Each structure stands twice: as structure tokens, then as C-alpha cells.
Amino acid sequence: MREDRSAMNSLSTTVKGACGHDCPDTCGWVVTVEQGRATALVGDRDHPFTRGTLCAKVNHYLEKVYHPERVLHPLKRVGPKGAGKFERVSWGEALADIAARWQAIIGEHGPEAILPYSSAGVQGLVQQASLDMRLFGALGASRLERNICGAVAAAGMTATLGVGSGIDPEDVARAKLIVLWGTNTVVTNLHYWPQVKAAQKAGATLVVIDPVRTRTAQEADWHIQPLPGSDAALAMAVMHVMHRDGLVDEDYVRTHAVGYDALVERLPAHSPEAMAPIVGLPVAEIERFARLYATTQPSLLRPLIGIEHHINGAMQFRAVSCLPVLSGAFRHRGGGIARSTHALHYAALDMQSVERPDLWQPARTLNMRDLGKDLCDPALSPPVKALMVYGANPAVTIPNQALVAQGLAREDLFTVVHDLFVTDTARFADYVLPATSQIEHLDLSPAWGHLYLALNRPAIAPPGEALCNTELFRRLAKALGRTEPWLYDSDESMIRAALASGHPWLEGVTYERIWDDGHARLSAPEDWRPFADGGFPTPTGKAELWSDTLAAMGQDPLPGVGAIRREAGLQLITGKAHAFLNSGYSHMNPHRKRAGELFIELDPADAKARGLDEGMKVRVHNALGEVHARCRLSDRLRPGIAWMPFGHLEDASGVRRGVNVLTDEAPTDWGGGAGYYDAFVEVELVG
Ligand SMILES: Nc1nc2c(c(=O)[nH]1)N[C@H]1C(S)=C(S)[C@@H](COP(=O)(O)OP(=O)(O)OC[C@H]3O[C@@H](n4cnc5c(=O)[nH]c(N)nc54)[C@H](O)[C@@H]3O)O[C@H]1N2
Ligand SMILES: Nc1nc2c(c(=O)[nH]1)N[C@H]1C(S)=C(S)[C@@H](COP(=O)(O)OP(=O)(O)OC[C@H]3O[C@@H](n4cnc5c(=O)[nH]c(N)nc54)[C@H](O)[C@@H]3O)O[C@H]1N2
Ligand code: SF4
Ligand SMILES: [Mo]
């Protein structure tokens, strides 16, 4: 990489880049490099969305880059699986052995016995998914359905609107009513928060809908605290009131939607009175919210992930996205729904040219959610005999952690993990391969929280023998004897090809321009109201209040409450932690200290009923397993609901296990996700 060396050779230079973490903000940053070493990394003040700040996690990014525990060389397992004992080997030896093992497995079981498992550990055009997709596609390896984050939301919204995105989140500035619906903006979408606050200061009413009084909810004008999984029921009640009180924008609905009459027939059964016991709120509060929503324009709904992690997650998104159709909010600038902008970036970029699905062999698909099950299923044919994990830490992040560990511990499973650290997944690996950090590789970074594309330039050479994802897959292709030239394309050429799609939103967005500036806004029209005049990209071209597509899938063609999961015990929500990035940073000291011991928050009444008090060490358990946690009494929950942070690697007794011991793989209604926040647990004193 030419750019590495130029940065290395000068005495002190600054290089623009962007954070590659799985986070909506995709902050712009500037790295100072002195004699080949990065000496400072700060937010890029010129970035219009992130404006010079990073976050509690990434403020100390260089400590991560130069962390003493970073994997710098290929490692080969020497101890038993899971013990985390390795010895250093050369790249040549590692690659030759991996290629030989894969070829033997292909020979015996066919290529589908290889499962590549990756997620958004590095979020970017080429490092996240490019040559890996080409290589595994060419081999005919099993494909992975990556549906634990965002896919369910997208599937639910798409059923109604034809897209999973919505309007530009920055148009929040024009909204008069903002509903943060199941998202903890202050913690998870930090750089959006000032924009929300500014709109609130300018007179907008800020409503937060969350079963937990989060830090975000505390700042709201109104915190609505429903029972988990009941958002679709709440949305149905809102639609009932809008129709009953003549508050539907009939003109918009008649012109731009299908199925309104069928929906109206369903609404009598979804009155606030009927929905109140499901939602767990007084009728008057539901009525008040419905009237506020229906009578304030522009109104903006802003969900992220909270309402998708339920078994009725897709229906929750489908029902919620019917609201701006009925209210006609899409007509108004700043009105509608704003979820992930990912699809907007990816629609503009030429993705076919990056992943080359046209060159893939046919293969089965396995869902990442089922990793434990699939690894342990004796009937799976062919069995998974080789697992290649990169940009993910499934031993911590996938439901049913104990089963995932059991699968990873299989002696006959050949596991390769490419990461910066020996993660909990890597502890089970046969080979751990050293990965680059974001300041050591080139990538184009589309964002899911805004419309700015960023170019992440490498600032330093990779330490030790670390390789970026794309280079790893080039070398694996070579070790496997593959000669197709498209398995060896350079990062720069893939980025240039993706930018050359000809899409109008990339007009003027050139490689050279983002190389210099670090970022460029997609060339969306200044006043971009995608659905002001309908034009929904659904099969009918209209917003589908009735969906034939869903009917054909055996789903309810109309919005409804969905199948809410309720079981005995406390419903456990395991949300994002301030100091961690999913499981990332949880092994690093300042972050670990800040997050503290694994804890569970309980409503005082629930604690009392179990003889528990603040500070006690408790056993949180269900049929799947148990974790130990420190008990915290909290007035931010509703009785019956418990909260634990997601991302800790060990529990309060120092045992290597976390909250996903308590979650299961029960699939969402559609969209292929997991009901992470539909876990039910009992809590008792550790005896
Ligand atoms: N600090 C930090 N930031 C992060 C991350 C991190 O790990 N740490 N992770 C990143 C990732 S990968 C993602 S996907 C985003 C996620 O961003 P968010 O969606 O904002 O995060 P979550 O914590 O998953 O859920 C948001 C809220 O939904 C609430 N919730 C749960 N169930 C329901 C429900 O049924 N109805 C309603 N209305 N609310 C519900 C939870 O109480 C929680 O407060 O955050 C990103 N940002
Ligand atoms: N209980 C519960 N479970 C959850 C959630 C929850 O809220 N509660 N949230 C879910 C959500 S929304 C998500 S997105 C998932 C996240 O699930 P994962 O994606 O598995 O989680 P991460 O911890 O972000 O793991 C990313 C890994 O990528 C590595 N990495 C970073 N950069 C690179 C690189 O350039 N190359 C390579 N090869 N590796 C790199 C990091 O070191 C890290 O180990 O977890 C899900 N699981
Ligand atoms: S993790 Fe998110 S908020 Fe933090 S620097 Fe990265 S993109 Fe910005
Ligand atoms: Mo996520």
C-alpha cells in the first residue's frame, strides 16, 4: 500500500480516517503519525455530523492499537480446545495448513462443510465483505445469513414501505415531534444526540418509548414506558384513535397506500382499551400519545434496534412504520421515520462489483443466530467441519452461549479466527490470525446513522505480521491454488469500482475528493422527502397496509400485535453498554473498570419478593444456564423487567460467561433474527 509508506517516511504527518466500529456514527478522525508511530487520534472537526468528537470507547483507540495483548503473529493451538494456549507460527505454515485442511474437508464432505462466519466488527466496504465473499462464493462454502442486527427491522419496515431506511436522520432539525422508539441515543448513537437536543430546544417535543428509563429517556419531555414487545400493540392503538377521531390523512392514504379499508376493519379490536393490558399503560396515556402523534407535524419516528430483538420484531417494525403513512408525515420535511441509512449508501455504491455474487457457486445458507445449534447438530448434512470467524465474536454475542461454546469445543471442528485479540471465540481456534486495526488499512466507510461516506486511509503500517481482511483472503486464495484474477483485486480498485456506479447520489463523490477531505455527503437532493408523493418501492408501488408478500409468506397480511413472548419469571433486556462496543473493549482495563462487575438491575418490588437487596451476588438463571451478577435495585424499570448490560466477558464470580447464556435462538416472526430481549429468568441469592 503506497499510502502507508508515504505516511511512515515523513517526520510528522496527519492522516484522515473514520471509525470502523459497528456503530451508527462512523466518526471522522485524524491520526497524527510521527516516524511511523501513531501518536494522536482525535475526532475530525471538519466532519459535519461527528464534529470533532469520538466517544468513551474510541477516545483511547491508540491504546488498543498498541495494546500489549494484541495478536501480532499467526498462532497455532497447542493446548486443548478453549484453553487459549497457542504457539507462534509463520504465515507460510499457517496458510499452507489451513488450505490443506480445507481441501481435505472439501474432499470428504464438500465445500458446504466450511462455514465462514463474519459480522460488522469492521464496518466498511472492502474490509467487512469483499474478497472473502468472492473466495467463499467461488469455493461453494456455506453462506451465512447475517440477521442479528438490523435485518429484522429492515424486513418489518420493508413490508410496509418497501425500504428499511426512511428519511435523512439529520432532518430531525425540522421535526416538531421526535419519537425515539426503542433506542438509547445517548449511549448508542452519541453524535445524533446533539441534533435531537437542538430540535428539542427549538421547540420540538421529545418522546422516548422504552421499557427502561434510560439516560435518553431521562432527557425526554415524555417517557412512555411500555412492556417489552408491545410496540406493535401500541401502534395499533394509535391507528385506532387516528381513525376513530378522523385524524388520518385520508388523501395521502387513499392516494399512496393499499389496504386501508382492510386495516380499518381490523381496528375496532385494537382500541386503547383493548391494547392497554398488552402495552401495560393506562388507556389515557395511549390516547394522549395517539393524539399528540396525529396532530403534530412534522413528526419523526426514530427506531434503531431495541424493538427488533423480540420474536415479534418484524411485526413491531411493520406496525410502527404504518404510522407515518396514516398521518401523512412523509409529506413534511422532517416527518416520517428515520432508521438505518445503510441501505441508502449501499444502493448508491456498486455492490455487485465488490462481492461479485454472479461468480458464486450455489450453496446452502445457515443463520448466524443458530451457530450453537448447527455446530452441535449431528443430523446437519454436511456437518460444519471448518469454521472461519472474522470481524465477529460469536462466543459472546450469539444466543445460547453455552451451546455455542459446546460447538466450538468440538475436537473435529477446524476453526480459524482472524482478529486483533484472542477473543473468547479465538480461544477455541486452531489458528488465530492477526488482523489490522482501522488505522492500518484502507476502507470506504458507509454509515448507518447519516449520509456521509468516509474514506479511511491507513495511517501506519500494520504492526508485527498483522494483515487486513482483504489481504488475508488474497493469501488464502493463493494458498488454495486459485488463479482467478478477481480474487486478487486491490482495495483501491474495488473502492473505485463501487464509487463508479453512476448513481446520482455519487455525483461528484470521487476517490480523490474523499481522499483529501476524509468524507463526502451523498449527493441527495437538499429537500429530500422520499415519500412525499408516494413512490414506495413495494410490489404495488404504494405503502402496503395490506401486504400480499406477507400473505404469501404465511404471515399476517395486515399489521397487528404479533406473537408476544411472555413466560414465567422476569423478562431480561440485555442492552448496549456505555463502555463497550458489543463485546469489544471488554477485555481492556479502563473500559472494564468503568463497566464494573456484571450486574443485574431489578425493580425493588421484584427484588424484595425474592429476598434480594442492593449489592448481593445473585444467580440469574433459566433452563439454558446461569450467570452470577451483582444485584442493583433500580427505579428505572417496571416490575417484571430486569436489565443487564451486554458485552461483559465474565460474570460476577469471574466465570467466563455472559448474558447470552440466558438467551435462546427462538427466531423472529420474519427477517431471520433473534429475540434477544425475550429472555425470561429467575434470580436468587448465590448460596
Ligand atoms: N456504547 C455502545 N454503543 C453502541 C453499541 C455498543 O455496544 N455500545 N452497539 C452498536 C450496535 S451494534 C447497535 S445495533 C446499536 C443499537 O442501538 P440501540 O437500538 O439504541 O440499542 P439497544 O441497547 O439494543 O436498544 C435500545 C433500547 O431499546 C429498549 N428496548 C428493548 N426492548 C424494547 C421494546 O420492546 N420496545 C421498546 N420501545 N424499547 C425496547 C432497550 O431498553 C434499550 O434502551 O448501538 C450501537 N452503539
Ligand atoms: N444479549 C445480547 N446479545 C447481542 C446484542 C444485545 O444487545 N444483547 N446485540 C447484538 C448486536 S446488535 C450485534 S451487532 C452483535 C455483535 O456481534 P459481533 O459482531 O460478533 O460482536 P463484536 O463484539 O462487535 O465483535 C467484533 C469483533 O471484530 C473484531 N474486529 C474489529 N476490527 C476487525 C478487523 O479489521 N478484522 C477482523 N478480522 N476483526 C476485526 C473485534 O476485535 C471483535 O472481536 O451482538 C448481538 N448480540
Ligand atoms: S464507536 Fe461510534 S461513536 Fe465511537 S468513535 Fe466509533 S463511530 Fe464514533
Ligand atoms: Mo448491532
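Just follow the structure's listing: the first ligand is 1, and inside any ligand the first atom is 1. Computed over heavy atoms, backbone and side chain alike; hydrogens, waters and symmetry mates excluded. From a predicted model like this one, the values you see are computed outputs, not experimental measurements. Residues take their numbers from the sequence shown, with the count starting at 1.
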Numbering as shown, the atoms of ligand 1 that approach Asp231 to under 4.0 Å (heavy-atom distance): 34 (C), 35 (O), 36 (N), 37 (C), 38 (N)
For Ala577, the ligand 1 atoms whose distance to one of its heavy atoms is below 4.0 Å: 1 (N), 2 (C), 8 (N)
Stepwise salt bridge (charged side-chain N to carboxylate O under 4.0 Å, His left out) check, Glu465 with Arg475: CA-CA 13 Å; Glu465 296 178 312; Arg475 299 213 189 166; over 6 Å; no
Heteroatom distance test (Thr663, ligand 2): nitrogen or oxygen, under 3.5 angstrom: no
Shortest protein heavy-atom distance from atom 44 (O) of ligand 1, along with the residue and atom involved: Asp210 OD2, 2.6 Å
Within the 6.0 Å centroid threshold, strictly below: Phe646 and Phe580: no
Geometric N/O contact His441 with ligand 2, under 3.5 angstrom: no
Closest to atom 35 (O) of ligand 1 among Pro211, Ala217, Gly229 (heavy-atom distance): Gly229
Within reach of ligand 2, part of Val396 (heavy-atom separation under 4.0 Å): neither
Contact atoms of ligand 1, heavy-atom distance to Gly182 under 4.0 Å: 19 (O), 26 (C), 27 (C), 28 (O), 37 (C), 38 (N), 39 (N)
Polar atom proximity, Gly391 to ligand 2 (N or O, under 3.5 Å): yes
For Pro228, atoms of ligand 1 separated by under 4.0 Å from a heavy atom: 35 (O)
Atom 6 (C) of ligand 1: nearest protein contact (heavy atom, Å): Phe580 O, 3.4 Å
Asn393-ligand 2 polar pair, N/O distance under 3.5 Å: yes
Validation row, ring centre His309 to ring centre Tyr676 under 6.0 Å: yes
Test of proximity, Ile305 against ligand 1: N or O pairs below 3.5 Å: yes
Distance filter under 4.0 Å to Thr214 heavy atoms, resulting ligand 1 atoms: 44 (O)
Residue, atom name and distance, where the atom is the protein heavy atom closest to atom 43 (C) of ligand 2: Asp419 OD2, 3.5 Å
Taking atom 16 (C) of ligand 2 as the reference point, the nearest protein heavy atom with its distance: Asn582 ND2, 3.5 Å
4.0 Å heavy-atom contact, Cys149 with ligand 1: yes
Any donor-acceptor pair under 3.5 Å from Tyr61 side chain to Cys19 backbone: no
Element-labelled atoms of ligand 1 that are located less than 4.0 Å from some non-hydrogen atom of Val212: 42 (O)
Atom 32 (N) of ligand 1: nearest protein contact (heavy atom, Å): His310 NE2, 2.9 Å
Beyond-backbone contact of Phe49 with Gln195, side-chain heavy atoms, under 4.5 angstrom: yes
Protein contact to atom 25 (O) of ligand 1 [nearest heavy atom, distance to 0.1 Å]: Gly306 CA, 3.6 Å
Nearest-contact summary for atom 11 (C) of ligand 2 - protein heavy atom, Å: Lys576 NZ, 4.0 Å
Protein heavy atom at shortest distance from atom 24 (O) of ligand 1: Tyr677 OH, 2.6 Å
Aromatic contact, Tyr192 with His450 (centres under 6.0 Å): no
Contact check: Thr574 vs ligand 2, nitrogen or oxygen atoms, below 3.5 angstrom: yes
Per-atom contacts of ligand 1 with Asp22, taking only distances under 4.0 Å to non-hydrogen atoms: 10 (C), 11 (C), 12 (S), 46 (C)
Ligand 2 versus Thr397: contacting region, heavy-atom distance under 4.0 Å: both
For His578, atoms of ligand 1 separated by under 4.0 Å from a heavy atom: 1 (N)
Sub-4.0 Å heavy-atom approach of His309 to ligand 1: no
For atom 45 (O) of ligand 1, the protein heavy atom that lies nearest, with its residue and separation: Thr188 CB, 3.3 Å
Heavy-atom donor-acceptor pair, Ser119 side chain to Ala392 backbone, under 3.5 Å: no
Top protein contact for atom 26 (C) of ligand 2, by heavy-atom distance: Gly121 CA, 3.5 Å
Contact check: Thr423 vs ligand 2, nitrogen or oxygen atoms, below 3.5 angstrom: no
Contact partition for Thr436 relative to ligand 2, non-hydrogen atoms under 4.0 Å: backbone
Ala392 contact mode with ligand 2 (heavy-atom cut-off under 4.0 Å): both
Side-chain donor or acceptor of His648 paired with backbone N/O of Arg592 under 3.5 Å: no
Pairing of Arg288 and Glu285 as salt bridge, 4.0 angstrom limit: no
Protein residue, atom and distance nearest to atom 5 (C) of ligand 2, heavy-atom basis: Phe646 CE2, 3.4 Å
Protein contact to atom 38 (N) of ligand 2 [nearest heavy atom, distance to 0.1 Å]: His418 O, 2.8 Å
4.0 Å heavy-atom contact, Trp448 with ligand 1: yes
Ligand 2 contact on Phe421 by region, counting heavy-atom pairs under 4.0 Å: neither
For atom 23 (O) of ligand 2, closest protein heavy-atom neighbour: Ser583 OG, 2.5 Å
